[in-house]
Structure formats: C-alpha cells, structure tokens
Amino acid sequence: MGYLLLLLLLFFIPFLALAAALAFLVRPHPVHVPIKGRHVFITGGSSGIGLALARQAAVEGARVSILARGAARLQEARDGIRLATGVEVATFSADVRDAAAVAKALEASGPVDVLVCNHGVFSPQELDKQDLEEVRFMVEVNLMGTFHLIKAALPPMKRNVKATGLPASIAIMSSQAGQVGIYGYTAYSASKFALRGLAEALQHELISDNIRVSMIFPPDTETPGYAEEHRRRPDVTNLIAGSSPGMKADDVAKTALDGIKSSRFIIPCNFEGTMLSIATAGLSPQGSYFTALVEVLFAGSMRFLGLIFQWNWFRIIERWHARMKNS
C-alpha cells in the first residue's frame, strides 16, 4: 500500500506542479466578453458564416450591424434575420478594400464592442497557373481588408471600453488553411497565415486596453460559395483535403461566438481543428489553463502525427504526378 501511495505521489506531484506553473504563466487571463445589449459588427454578414453569426448574436440580445458589398443581399439578410428573430439589424454596403468606405460605415454604425472580421475570398489554384491579379485580390480582401476594419474600429472601441469598463473583442475569421498549407492554396494560405501574425501582435498591443483578440479557424463550411470553390480546386487538392466533411455555417457560428464570449485567442471549430490548434500552438497567447495543459502534454505527439499527415500528402502528390506522366 505504501509503495502504491509513493507511486501515486511521484506521478501527481510533477503533474500538479506543471498545472500550477501553467496557471501562473497563462496570459492573457480569461475574461467573459458580454454579448447581450452590446454592438456586434460583422463583415461578410450577408451570407454563410457571417449571416449565421449575425442571426445568433441577435438571438442573444446584441445590437447587430452587418457589412458586405452587395446591397441586395444585405437587404435579404436583414429580412431573413428579422423573420427568424424579430430583431432589426443595421446594414452597411462597402468593399473592405476601400479604407475610406470602411471608415465611413463604422463611423455611421457607432462604437463597436465586438468586431468580427469575417469577410474573405477563396480561389484555389496552383501558383504557377494563377493570375497575379487574383492573388492580389485575395491578399487585399483577406488581409488588407482586416487592417482597414480594425484601424477604423479601434479608436471608438477603446473609448467605449474605458467608459463602460466592459471588455471588447476583435475576432478574425481565418481558416484551417491558415494553420497548414495545402496544395493549391498557396495564395489563400498566405493571406490567412498573415492574419495570425496580425492577431498575435495586436493582442500584445491591446491587452492594456481590455480588448481581446480571437482567431477563428473553421474547416470547409457549407456556404453559398462552397460548391464553386470545390469545383475549382485542383485534383491533387481534392485528393488531399476532399475527404474532410464540411461543417454547417450555423455550427461554426455557434462555436465561434462561444469562443469570442470566452475570450479565447484560438477558436477551433471541430475535432480536427482542435488537433491542428495543439500542433500549431507555438508562441500564441493562451488564456485557457486547461488548453495550455493539453498543449504542453500533447504537442510532441501532435508533431509526430503531423509528420505522418505530411508523409501521406507528399505521397499523394508524387503518385498523382507519376500518373499524369504515364497517361
């Protein structure tokens, strides 16, 4: 019995010491970001994940504004949200590439408490076949559009936080292709990987202002553009990623909003995303004590699993090219 107790102590003491160290080290400390009665501004809000987020935020009692390019689709989205929830949302038509138009929309909307940069475009193709204008378009929308929104929203957001004493949030919609590069996603992944660097540095800059930054990493999601995007994907991309099931926009929206309210920096949306988040945690901020413990305990095994995935992907690419040469 004494030996068993000693073994248990030898196991639990280091574990408890690690847990205590992580509880001390985890930054930023977790806070609750209220949604009810606050202004939630969502880009790409006329369809897909953005529309689902707007609908859910409205149900939870937020004052919701949505921004997109198409006025007609914005009107349809507003009518649909009103029909589903009885809540009237504000709509703003602007191209996120236009900094002046974005600033004008945000000024008209009033101070924002939760900014969700959900806009994005995706055109899969091998880089040597892809027109540089298409590459530039993705970078300008996905990356520069996010800069335009945050720059315009920050000054009144900071003043509002100071006045209310409540934490605010900036959430950035990335993609699992912003965690790992995939064949055919060269330009898209570049634009999405860049958002992580933006978010990590921005959280350092805004923590003293009580503004939390979140990165959302959805998998393929069943949105209006989903079928067209998949039709354009190179054959190799479909062989590598085609077996992964797509998520429903409503499910992604619920997970994302829950993560925003919990002030999580990294918000994965499914099991595969959680595994990717552990594997790619690196030096990212971590506000969850439990998740920090999981990352420390399983990062090594996730790296090994990642090498297995990479081995399989390179084997698929090699076999596909060999088949093309012989056909």
Side-chain angles (χ1 to χ4, degrees), residues 7-33 49 116 167 169-182 189 192-193 195-204 206-207 211-221 241 243-248 251-313:
L7 287 172
L8 286 172
L9 286 173
L10 288 174
F11 173 78
F12 278 111
I13 287 174
F15 183 82
L16 291 172
L18 174 61
L22 291 174
F24 173 76
L25 292 171
V26 158
R27 291 293 188 280
H29 292 306
V31 297
H32 175 67
V33 179
I49 297 171
V116 184
S169 173
I170 295 173
I172 300 170
M173 189 67 67
S174 183
S175 164
Q176 286 184 359
Q179 295 174 290
V180 59
I182 299 291
S189 283
K192 291 295 187 176
F193 265 79
L195 292 174
R196 183 161 185 162
L198 184 166
E200 290 185 2
L202 187 66
Q203 183 61 94
H204 286 174
L206 298 182
I207 190 60
I211 299 173
R212 299 308 175 94
V213 178
S214 293
M215 287 289 297
I216 306 161
F217 292 102
D220 285 343
T221 305
S243 60
S244 299
M247 285 186 71
K248 301 287 187 183
D251 295 333
V252 172
K254 184 181 186 313
T255 301
L257 199 58
D258 287 345
I260 291 167
K261 290 187 292 184
S262 300
S263 69
R264 297 183 64 183
F265 182 77
I266 298 294
I267 305 175
C269 295
N270 60 5
F271 178 75
E272 291 85 354
T274 300
M275 298 298 100
L276 264 177
S277 295
I278 295 169
T280 61
L283 292 176
S284 290
Q286 180 51 264
S288 165
Y289 309 121
F290 175 75
T291 305
L293 181 62
V294 171
E295 288 171 351
V296 170
L297 293 177
F298 294 104
S301 58
M302 287 307 304
R303 176 55 179 157
F304 182 73
L305 187 60
L307 290 171
I308 294 173
F309 273 96
Q310 287 288 348
W311 170 80
N312 185 52
W313 294 341

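In what follows, every heavy atom counts, from backbone to side chain, and hydrogens, waters and symmetry copies are set aside. Note that this is a predicted model, so its numbers are computed, not measured.
A donor-acceptor distance shorter than 3.5 angstrom exists from the side chain of Ser214 to the backbone of Arg264, with no hydrogens or angles considered. In this structure, Ser262 contributes its side chain and Gly259 its backbone to no donor-acceptor pair below 3.5 Å. Between the Ser189 side chain and the Ala177 main chain, a donor and an acceptor come within less than 3.5 Å of each other.
The line from CG of Leu198 to CZ of Phe193 is 15.0 Å long, rounded to the nearest 0.5 Å. Once rounded to the nearest 0.5 Å, the distance linking CE of Met173 with OG1 of Thr221 reads 8.0 Å. One distance of note links CE of Met215 with CD of Gln203; it measures 12.0 Å at 0.5 Å rounding. Between the CD atom in Gln179 and the CD atom in Glu272 there is a gap of 11.5 Å [rounded to 0.5 Å]. Going from atom CG of Leu257 over to atom CD1 of Ile267 covers 9.0 Å, rounded to the nearest 0.5 Å. Distance check, rounded to the nearest 0.5 Å: CD1 of Ile216 to CD1 of Ile49 gives 8.5 Å.
For the pair Lys261 and Asp258, the salt-bridge criterion is met [side-chain N within less than 4.0 Å of a carboxylate O].
Side-chain contact between Phe265 and Pro28: absent, with no pair of heavy atoms (C-beta onward) separated by less than 4.5 Å. You'll find the side chain of Val180 stays beyond 4.5 Å of the side chain of Thr280, heavy atoms only. You'll find the side chain of Ile207 reaches within 4.5 Å of the side chain of Arg212, heavy atoms only.
In this structure Ser175 satisfies the side-chain hydrogen bond (donor to acceptor under 3.5 Å, both in side chains) test with no other residue, sequence neighbours excluded. Checked against side-chain hydrogen bond (donor to acceptor under 3.5 Å, both in side chains), Glu295 has the following partners two or more places apart in sequence or in another chain: Gln286. Scanning for side-chain hydrogen bond (donor to acceptor under 3.5 Å, both in side chains) contacts around His29 gives Arg27, with sequence neighbours left out.
Nearest heavy atom pair, residue Lys192 against residue Gly178, reads CB-CA, 3.7 Å. Nearest heavy-atom pair, Val252 versus Pro218, reported as atom, atom and distance to 0.1 Å: CG1-CB, 3.9 Å. The minimum heavy-atom distance linking Ser284 with Glu200 is given by the pair OG-OE2, 2.5 Å. Here the closest non-hydrogen pair linking Ile172 and Ala199 is CD1-CB, 4.1 Å. Taking each heavy atom of Pro219 and Asn270 in turn, the nearest pair found is CG-ND2, 3.4 Å. Among all heavy-atom pairs drawn from Leu22 and Leu293, the shortest one is CD1-CA, 3.5 Å.
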**Study point:** Evaluation steps, side chain to side chain contact (heavy atoms under 4.5 Å, CB included), between Met275 and Leu305
**Key:** CA-CA 10 Å; Met275 298 298 100; Leu305 187 60; 5.5 Å; no
Exercise for review: I would like to know whether Gln176 and Ile182 meet side chain to side chain contact (heavy atoms under 4.5 Å, CB included); could you show each step before the answer?
Suggested key: CA-CA 10 Å; Gln176 286 184 359; Ile182 299 291; over 6 Å; no
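Evaluated for a side chain to side chain contact (heavy atoms under 4.5 Å, CB included) with Phe217, the options Cys269, Ser174, Pro268 yield exactly one hit, Ser174.
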